[in-house]
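Keep in mind it's a predicted model, so treat the numbers as computed, not measured. In listed order, ligands and their atoms are each counted from 1. Numbers for residues simply follow the sequence, beginning at 1.
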Amino acid sequence: MRLNLVLISMIAEIANNYMKIFSTIVDIRAFLKNAKLKGQRIGFVPTMGALHEGHLSLVRASLQNADITVVSIFVNPTQFGPAEDFEKYQRDLQRDSALCESVGVDIIFAPAVDEMYQPGHSVMIDESVLSRNLCGRARDGHFSGVLTVVAKLFNIVQPDIVFFGQKDAQQVRVIEQMIIDFDYDVEMSVVPTVRDTDGLALSSRNLYLTAEQRAWAPVIYESLQKAKLLYAEGITDVLVLRKTVEPVLLGDGVEIDYVEFVSWQTMEPVEKAGDDTLLAVAVRVGETRLIDNVFLQSIA
Ligand code: PAF
């Protein structure tokens, strides 16, 4: 009898150590409620799947800073415009789960669209200042979709600490402001952009690039580095800095969406670059839109 009890508790312990995948809000809430009661610190990495080393760097940061790491995998329809890549966005839960399990994720939350957006859903979050420029200009409604889904995910997971990548700098800033404005009791950690060996920032959308486009793409980071070097030499005039970036980005089938020098706090363009200036670029390479950014203040 006693042996049976020991065996049962050993099996329960082993089962607890396996990664769990939840698809409903009720189930993940019930599980996390228990974790909270035990005083466990919850780390959260929201993603849309198609995971790569950039996402895994967020997961690793969470594993170091929290007791339980939750990754959400949800291709959020409300952040895609009608002409964008919602349909073609890679969805491979088996692949993404295997990757998550290999690095030690505890929980995946992978809801269906109608679990996150029930029939009759009509309330969206709108940010009207920080999302005006950069990607907000080209992607109408994008940040409203991002903020709405992130707020919903925060409410479901109730994390203690959340992890976002610097690559989506404007997204980081807008979510940071939502955390302040909506009094979320959560810490935000921003993890540096992970790059391929040739400098291209990792992105799920790099999968769309043809071999030729992929060979061209490292110039995006080269252009940012050029501006950083000039800034380090004392050039702060944005007109001059911009002139070093734009020519590097010219290429066959390449369209510059923006090259902007903005204040990190306000996301408004500046005329003179300073240490809090973010240089952000977006380019269309054929059908694919790529973004990247750097702060000007350090050479690294
Ligand atoms: O950065 C992303 O992958 C998405 O915008 C996010 C934050 C998961 C919201 O859907």
| task | Kindly write out the residues that satisfy salt bridge (Lys or Arg N to Asp or Glu O under 4.0 Å) with Asp160, not counting sequence neighbours, or none if the list is empty. | result | Lys36
| request: Indicate the ring-plane relationship of His121 and Tyr117, choosing parallel, tilted or perpendicular according to the 30° and 60° boundaries. | output: perpendicular
| Pairs in or reaching into residues 72-109: which pass ring-ring contact (aromatic ring centres under 6.0 Å, His included), with residues at least two apart or in two chains? | Phe80-Phe86, Phe80-Tyr89
| Charged N to carboxylate O below 4.0 Å: is that the case for Asp257 and Arg139? | no
| Under-4.0 Å salt bridge between Glu287 and Lys88 | no
Exercise answer, ligand 1 polar atom pairs (N/O) under 3.5 angstrom:
{"unit_1": "ligand 1", "atom_1": "1 (O)", "unit_2": "Gln171", "atom_2": "NE2", "d": "2.8"}
{"unit_1": "ligand 1", "atom_1": "5 (O)", "unit_2": "Gln79", "atom_2": "NE2", "d": "2.9"}
{"unit_1": "ligand 1", "atom_1": "5 (O)", "unit_2": "Gln171", "atom_2": "OE1", "d": "2.7"}
{"unit_1": "ligand 1", "atom_1": "10 (O)", "unit_2": "Gln79", "atom_2": "OE1", "d": "2.6"}

Side-chain donor-acceptor pairs of residues 211-218 under 3.5 Å, sequence neighbours excluded:
{"unit_1": "Gln213", "atom_1": "OE1", "unit_2": "Thr210", "atom_2": "N", "d": "2.9"}
{"unit_1": "Gln213", "atom_1": "OE1", "unit_2": "Thr210", "atom_2": "OG1", "d": "3.4"}
{"unit_1": "Arg214", "atom_1": "NH1", "unit_2": "Asp198", "atom_2": "OD2", "d": "2.9"}
{"unit_1": "Arg214", "atom_1": "NH2", "unit_2": "Asp196", "atom_2": "OD2", "d": "3.2"}
{"unit_1": "Arg214", "atom_1": "NH2", "unit_2": "Asp198", "atom_2": "OD1", "d": "3.1"}
{"unit_1": "Arg214", "atom_1": "NH2", "unit_2": "Asp198", "atom_2": "OD2", "d": "3.0"}

